Amino acid sequence: EAVLKYAKFSGEDLEHASLAVREAAANAVEHGNGQHSEKPVEVVMRVNARVLTIRVRDQGDGFDPLALPDPLAPENLLKPKGRGVFLMQRFMDEVDFDFAPGTVVTMRKHLAAPTTDKQTEEEV
């Protein structure tokens, strides 16, 4: 949340982006790395005047994002899990997956128009 606040997120936008990051990290630990503590999860956040980019990398074999069950289907509404990718896609402007090596989810949130011409990028 500190990085998101630095990028001028607040209120609902802060909550939504924070939830998307937590879901990506939780999926990386649970599904990607199978909860093996010796397998690292890497989270990199980059922010410039136009976009916040978040990459979460795990050591997993990947999955088919198109084969995920629809969390809004009646048979899935009461299930306690299965909404992570759905929430990421709802709360971020772009969500992409790459599967070799490991699994990388890249999420982007476009920021409000900059008030200066400064276009530097910082990595956290």
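As the structure is a computational prediction, the values presented were derived from the model and not from experiment.
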Find the distance between [atom1] ([X]) and [atom2] ([Y]) and round it off to the nearest 0.5 Å.
| X | Y | atom1 | atom2 | value |
| --- | --- | --- | --- | --- |
| R50 | L111 | CZ | CG | 11.0 Å |
| L19 | L87 | CG | CG | 5.5 Å |
| K79 | R83 | NZ | CZ | 9.5 Å |
| E1 | F9 | CD | CZ | 12.0 Å |
| E23 | R90 | CD | CZ | 14.0 Å |
| I54 | M88 | CD1 | CE | 11.0 Å |

If I compare all heavy atoms of [X] with all of [Y], which pair ends up nearest, and what's the gap?
| X | Y | value |
| --- | --- | --- |
| P71 | G82 | CB-O, 3.7 Å |
| A24 | V105 | CB-CG1, 3.8 Å |
| G60 | N33 | N-OD1, 3.9 Å |

* Going by heavy atoms in the side chains, are P40 and Q59 under 4.5 Å from each other? -> yes

* Asked: Around D61, counting heavy atoms of other residues, nucleotides and ligands shown, do more than 12 lie under 6.0 Å from its CG?
  -> no

* To do: Determine whether more than 12 heavy atoms belonging to other residues, nucleotides or ligands lie under 6.0 Å from atom CD of E75.
  => yes

* Asked: For the residue pair F97 and F63, does the interplanar ring angle fall in the parallel (under 30°), tilted (30 to 60°) or perpendicular (over 60°) class?
  -> perpendicular

Can you tell me if [X] uses its side chain to pair, donor with acceptor, with the backbone of [Y] under 3.5 Å?
| X | Y | value |
| --- | --- | --- |
| R57 | A28 | no |
| D58 | V41 | no |
| N48 | V51 | yes |

* Structure fact -> E30 meets the side chain to side chain donor-acceptor pair (under 3.5 Å) criterion, sequence neighbours left out, with K81

* **Name of the residue among R108, M107, H110 meeting side-chain contact (heavy atoms from CB on, under 4.5 Å) with M92** => M107

* Where do T106 and T53 land on the side-chain contact (heavy atoms from CB on, under 4.5 Å) test, with the steps shown first? -> CA-CA 7 Å; T106 302; T53 303; 3.9 Å; yes

* Considering residues at least two apart in sequence or located in another chain, which fulfil the side chain to side chain contact (heavy atoms under 4.5 Å, CB included) criterion with D98? -> V104

* D93 bridged to K109 by N-O distance under 4.0 Å -> yes

* Verdict with supporting geometry, R46 and R55, side-chain contact (heavy atoms from CB on, under 4.5 Å) -> CA-CA 9 Å; R46 295 177 192 260; R55 285 191 182 87; 3.8 Å; yes

* Give the intermediate values and the outcome of side-chain contact (heavy atoms from CB on, under 4.5 Å) for residues F91 and D13. => CA-CA 8 Å; F91 294 150; D13 287 338; over 6 Å; no

